[in-house]
Amino acid sequence: MSLLSVISRSRVRAFQARRMPFARLLSTLPNTHIFRALQNHDPDSLAVIHSVSERSFTYGSLIGDVVRARDDLERKAAKAQGSLAGERVAFLAENSYDYVVTMLAIFASDAIALPLSPAFPTGELKYILDNSQAKMLLATEKYADKAMEVLREGLEHEPIFNVRNKLQGTSGDSVVLKDLEQPSMGGMMLYTSGTTNRPKGVLIPQSALAAQASSLLEAWKYSPSDRLLHLLPLHHIHGVVNAIVAPIIAGSSIEFMYPFNPEQVWKRLGAPFLPTPSKSPITFLTAVPTVYNRLMTTFPSLDPTLQKASKEGISPSNLRLNISGSAALPTPTKTKWTSLSKGNILLERFGMTEVGMAISCGLDNADRVDGSVGWPLPGVEARLVDTETGKVIPETSSAEGEIQLRGDTIFSEYWGNEDATREAFVDGWFCTGDVASRRVVEGAGSGRSGEWARGGMYFIQGRKSVDIIKTGAEKVSALEVERELLSLPQVVEAAVVGLPSEQWGQKVAAVVVLSDDAAVSGKSGRSWGPMDMRRALKNCLASYKIPQEMKVLDAIPRNAMGKVNKKALIKEVFDV
Ligand code: AMP
């Protein structure tokens with residue numbers, strides 16, 4: 001029997017008062033986790049805000065627009081024969097209300113939402129559309145030309161193409177929830193960054209998306225009173241799940257501000273605390289380490305009134321939660337942020353496209369331990385496995401091993417790539433390719449952040465393929481060396497890599513960006529060099545961990561999520 005429940009009770013009452021025909025009530029949405037959650041939100045509360053234009057959209061209008069957009073998609077699909085269930089619907093949209101409506105409309109058709117990065121070159125987009133065999137390509141007006149360019153490349157599977165008009169946020173009819181007629185075939189498809197091979201399409205079913213969001217809601221306590229400042233790209237798990245799906249399920253407000261511009265972000269964070277206040281305080285910030293770094297480098301250039309106001313904006317009493325992830329958080333970044341914000345400690349977490357968020361520090365400040373990504377999140381099972389013997393490392397051991405994960409949050413397959421899917425799992429555990437050690441930390445994990453945050457904490461050592469460097473008989477974690485390099489006042493950025501070496505198998509090498517003082521020769525009349533680096537690291541690292549080579553760059557190339565492609569970097573800088 002199908003379960004019907006009514007969305008937006010206030011609107012139903014309005015409808016009854018106006019005695020409109022009953023048929024208008026019968027728009028339906030699938031009875032799935034995300035739409036059940038939407039049903040319960042106050043229709044008048046804000047779902048999405050465009051930070052610069054200050055246009056805002058309520059949960060009531062979101063539901064109405066999703067129904068209309070879904071109907072439109074299904075009409076287009078029906079014309080070209082058939083249903084959208086389980087089909088990939090790719091879309092190019094700016095970070096905006098239109099993106100959120102489009103994604104939810106695709107979910108409502110039980111299709112697979114495939115967000116494309118507008119920053120990708122057409123060749124890359126063509127690859128993704130061909131590889132995913134997308135049935136439909138949607139573009140907002142802004143990206144219609146880009147989509148046309150891709151179509152002109154000649155796709156293997158010509159998708160139905162549709163340009164979506166800008167949405168005005170008109171309020172909707174009342175909606176009922178209806179069970180799907182078959183088990184859900186919908187979800188999300190995100191492409192890996194493809195550092196080793198061509199990018200793979202990661203299929204995250206609706207059930208996994210729901211499990212990922214539930215896990216985050218329990219750990220980070222998103223709430224309707226949260227206002228999240230959204231600074232991230234939207235073709236990546238961090239920006240989509242942590243910063244759209246989870247807050248929408250919680251009924252929080254999402255304020256889009258993209259592309260990232262540090263001065264604008266400071267203005268926004270400080271706005272409610274200026275002598276003439278405007279805007280609501282931001283309570284929730286989730287970003288990558290480079291974003292926090294750039295904010296802090298820009299801070300001294302702000303005028304003193306804005307400095308004071310934005311410091312207030314990021315203080316613990318206003319900014320409830322500040323999270324860092326997607327790349328290792330250097331200790332100096334964490335420390336500087338805490339001092340600038342008068343006590344707000346960045347909460348670090350570990351995740352990846354295939355698993356959503358997997359391991360996280362806790363809300364309690366004592367559970368945000370330096371260098372650790374915390375404990376397996378609610379619903380996630382984790383184990384460490386010796387990379388040489390394949391044996392599971394006991395909880396009591398501090399040995400390092402590959403992180404393997406299991407649970408409802410894990411993706412189902414690499415699209416059209418059975419071999420890669422099979423190779424990624426061992427006995428039902430997903431092999432992350434990331435190496436970590438685990439140990440109990442005194443004073444942390446007492447359960448104050450939740451029962452899940454107990455026991456040994458995880459410390460990431462890096463990717464098995466590039467960050468675990470084998471030099472002689474020793475293993476070196478690139479991340480550990482990077483942490484030490486970044487603690488030196490002369491080093492602003494660092495990437496540590498392993499280079500082939502006849503003598504050692506691999507030797508440790510560093511690529512660094514120097515501070516202005518260190519780059520422009522100091523008193524000695526020369527700039528900081530490899531000898532200075534080795535001397536500086538002597539007391540904090542064993543000698544085999546100290547880089548044998550050092551190259552200085554003006555900037556280390558990073559992708560939109562602040563990650564360094566080390567294989568490309570080695571080729572470019574060391575020509576090997
Ligand atoms: P992606 O699938 O693009 O999100 O990349 C996932 C990878 O990012 C992981 O496999 C890790 O190598 C890395 N990563 C994510 N979070 C962290 C973190 N907190 N510390 C270190 N590496 C991280």
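Ligands are counted one by one from 1 in listed order, and the atoms in each one are counted from 1 as well. Please read these numbers as outputs of a predicted model, since none were measured by experiment.
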| field | Separation between OG1 of T102 and CZ of F107, rounded to the nearest 0.5 Å | value | 11.5 Å

| request: Tell me which protein heavy atom sits closest to atom 16 (N) of ligand 1, plus the residue, atom name and distance to 0.1 Å. | output: S326 N, 3.3 Å

| request: Enumerate the atoms of ligand 1 whose separation from the nearest heavy atom of A328 is less than 4.0 angstrom. | output: 20 (N), 21 (C), 22 (N)

| query | Side chain, backbone, both or neither: which part of D434 has a heavy atom under 4.0 Å from ligand 1? | reply | side chain

| task | Let me know which of Y97, F256, Y99, F284 forms a ring pair (Phe, Tyr, Trp, His ring centres under 6.0 Å) with H230. | result | F256

| In terms of residue, atom name and distance, what is the protein heavy atom nearest to atom 17 (C) of ligand 1? | A327 N, 3.7 Å

| said: Once you restrict to heavy atoms under 4.0 Å, what part of R463 touches ligand 1? Side chain, backbone, both or neither. | reply: side chain

| said: So, 4.0 Å and heavy atoms of E348: is ligand 1 close enough to count as a contact? | reply: yes

| Considering only heavy atoms, which of Q461, E354, K563, M561 lies nearest to atom 7 (C) of ligand 1? | K563

| remark: Candidates G356, G351, G325, S324; heavy atom nearest atom 15 (C) of ligand 1 found on G351

| task | Please answer whether the main-chain N or O of Q461 pairs with a side-chain N or O of S477 as donor and acceptor at a distance below 3.5 Å. | result | yes

| task | Evaluate the ring planes of F411 and F425, with Trp represented by its six-membered ring, and classify them as parallel (under 30°), tilted (30 to 60°) or perpendicular (over 60°). | result | parallel

| query | Where is the nearest protein heavy atom to atom 2 (O) of ligand 1: which residue, which atom, and how far? | reply | T353 OG1, 2.6 Å

| message | Geometry only, no angles: is R349 polar-contacting ligand 1 at N/O separations under 3.5 Å? | response | yes

| task | Please confirm whether the backbone N or O of L295 pairs with a side-chain atom of W266, one donor and one acceptor, at under 3.5 Å? | result | yes

| remark: among protein heavy atoms, the one nearest atom 6 (C) of ligand 1 is M352 CB, 3.3 Å

| query | Within the distance-only criterion (no hydrogens, no angle test), does the side chain of S437 pair as donor or acceptor with the backbone N or O of S398 below 3.5 angstrom? | reply | no

| task | Examine distances only and state if a side-chain atom of W375 and a backbone atom of W452 form a donor-acceptor pair shorter than 3.5 Å. | result | no

| note | Of all heavy-atom pairs linking A436 and Y458, the shortest is CB-CD2, 4.2 Å

| Does ligand 1 have an atom that lies less than 4.0 angstrom from a heavy atom of H236? | yes

| message | Please determine whether any non-hydrogen atom of T432 lies less than 4.0 Å from an atom of ligand 1. | response | no

| task | Work out which heavy atom in A478 is nearest to a heavy atom in K566; give both atom names and the distance. | result | CB-NZ, 3.7 Å

| note | Within 4.0 Å of some non-hydrogen atom of V373, the atoms of ligand 1 are 19 (N)

